[in-house]
Protein chains: 2
Amino acid sequence: MATLCLPYQLSPEQTEKLDTIIQRHRPLQKRDVLIHNGEPLKFLYAVRSGSLKSYTLDSQGSEQIIDFHLPGDVIGFDGLIDGNHRSYTQALETTMLCEIPIQSLDQLSAELPGLRKQMLRLMSGELHASKTLLGTLNHHSAQQRLANFLVTLSSRFQQRGLSSRSFRLSMTRADIGNYLGLSVETVSRILTQLQSEGVLAVQNKLVEITEPERLRALAA
Amino acid sequence: MATLCLPYQLSPEQTEKLDTIIQRHRPLQKRDVLIHNGEPLKFLYAVRSGSLKSYTLDSQGSEQIIDFHLPGDVIGFDGLIDGNHRSYTQALETTMLCEIPIQSLDQLSAELPGLRKQMLRLMSGELHASKTLLGTLNHHSAQQRLANFLVTLSSRFQQRGLSSRSFRLSMTRADIGNYLGLSVETVSRILTQLQSEGVLAVQNKLVEITEPERLRALAA
DNA sequence: ACGAATCGTTGATTTACGTCAAAGTGACTT
DNA sequence: AAGTCACTTTGACGTAAATCAACGATTCGT
């Protein structure tokens, strides 16, 4: 169970201890909301399959997408500030999760330096990703942003043992645009443009990266 | 010493233990580089006075400013992923720091749940700030971004017991523009515009927020 | 299996902000 | 004190991407 949910380098002994605190969560359907803004943080969630988006609502009530979560990701770190979640998290498709009680995790991490390190690594990685993205969005054109988005997705899939060349975009174009600070129309236009240039083959939600090298060059 | 460097709610006993591992760092002069990208991470640094900027260099060698650090901030969390720093960090003015050896901190945090919680809180807060900023930059106009930047700075100064109404911008307009994804010219124009509207009084690096309410409204 | 709703594409037009250019202001050096 | 250099401001102009609009294509619910 623990290896399914937190597939990282932990010793058998550590894995066994983790198993005692991790629970399977009921499956989410598309559009189900897992986390509501302001809720007390009781669990972290590890994504086993499917995907989700996290977002906040601004003063006018419109969504600001902060993050997409894929299998292997752990959700909830940003709520540790004050023990309350700081965003909404919603399933983009049927999704399986594990739940990890915060309190038990904290106690366990006092005993297991490896686990402690692993948690720090996860948070640190997320922090780094978020800051990198910031830099990327600030200083790049729409095409570069989208190329970068696809490259990042691709390498995340690869890390999880899935195909890095072809995958399904579980989020809508509107979601992508929102996340990248672009309009839906721009996202659409650039996708067709990349396709006509032979870098991608797009068919609805399915994307095949036909020339990974050129895409990576565009993302720079 | 510990209270100076990590001024948070810790018991006297905890503070005492912290004191044993925290060292004073030599003062930095303006433009001194504290951290180089790729360096192994041995210490976290707490800012006692002054300020710094963190940035990465993109493929063309140009700066991408990721963060500004004020007194009370702790620098280095994003390097915990793999034990190497992921950015450069440079002093914007004469700056005093404490250094906190990572290894000792880790050992100590196994004993002290309060310290562990504090570290998580700091990282989580940074993560949240970074994600919030992302949303802000993606969906707002130049004026809103700048207003937001000033409001955020103001409240960070306030949290540290400094004036929230008037303060010195230790970074250049170019730095601000880089950070917010705007050109220098736009930053300058908007500052003069906000001044002519009576929201700010700008005099070189000195900013006075004359109408905090209106500024906050613009930041929304 | 059907209609309705959501999602995606494409085109025409507008605009906020970047770029280019040049001059003004302050701040470190000798 | 003078001169250099880095920073800031202001104006004219160009452009990337937003907005507006209308129409296909999928997906969803009954």
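In what follows, every chain begins at residue 1, and chains take the letters A, B, ... in the order their sequences are listed. As the structure is a computational prediction, the values presented were derived from the model and not from experiment.
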State plainly whether the residues B:Asp73 and B:Arg48 are in salt-bridge range, i.e. N to O under 4.0 Å. no
Compare side-chain N and O positions of A:Thr192 against OP1 and OP2 of C:dT10 and report whether any pair is under 4.0 Å apart. yes
Grab the CG-C1' distance between A:Asn138 and C:dC17 for me, whole Å please. 14 Å
Where protein sits on nucleotides 22-30 of chain C, one letter per nucleotide: B base, S sugar-phosphate only, - none, heavy atoms under 4.0 Å: ----SS---
So, A:Lys53 and A:Asp67, do they make that salt bridge, N to O below 4.0 Å? no
Using whole Å, what does the distance between atom P of nucleotide C:dT10 and atom CD of A:Gln195 come to? 9 Å
Check the distance between D:dT27's P and A:Leu206's CG and give it to me in whole angstrom. 10 Å
Please answer whether the main-chain N or O of A:Ser164 pairs with a side-chain N or O of A:Ser154 as donor and acceptor at a distance below 3.5 Å. yes
Are side-chain heavy atoms of A:Leu70 and A:Ser51 found at a separation under 4.5 Å? yes
Rounding to an integer number of Å, can you tell me how far A:Gln29 CD sits from D:dG29 C1'? 15 Å
Considering only NZ, NE, NH1 and NH2 on the basic side and carboxylate oxygens on the acidic side, decide whether A:Glu126 and B:Lys131 come within less than 4.0 Å. yes
Hey, are the side chains of B:Phe77 and B:Met119 touching, using non-hydrogen atoms and a 4.5 Å cut-off? yes
Whole angstroms only, please: what is the CG-P distance between A:Leu191 and C:dT10? 10 Å
Does atom NZ of A:Lys42 have more than 12 heavy-atom neighbours from other groups under 6.0 Å away? no
Provide the closest heavy-atom pair for B:Ser166 versus B:Glu208 in the form atom of the first, atom of the second, distance. CB-CG, 3.9 Å
From CD of A:Gln203 across to C1' of D:dT26 the rounded distance in Å is 12 Å
In whole angstroms, how far is the P atom of C:dC17 from the CG atom of A:Leu137? 16 Å
Protein within reach of the bases, or only the backbone? For nucleotides 16-23 of chain D, mark each nucleotide 5' to 3' as B, S or -, using heavy atoms under 4.0 Å. -SSBBB--
Atom CG of B:Asn178 to atom P of D:dT8: distance rounded to whole Å? 13 Å
Would you call A:Glu93 and A:Arg168 a salt bridge, using N to O less than 4.0 angstrom? yes
Just N and O in the side chain of B:Lys205: are any of them under 4.0 Å from OP1 or OP2 of D:dC7? no
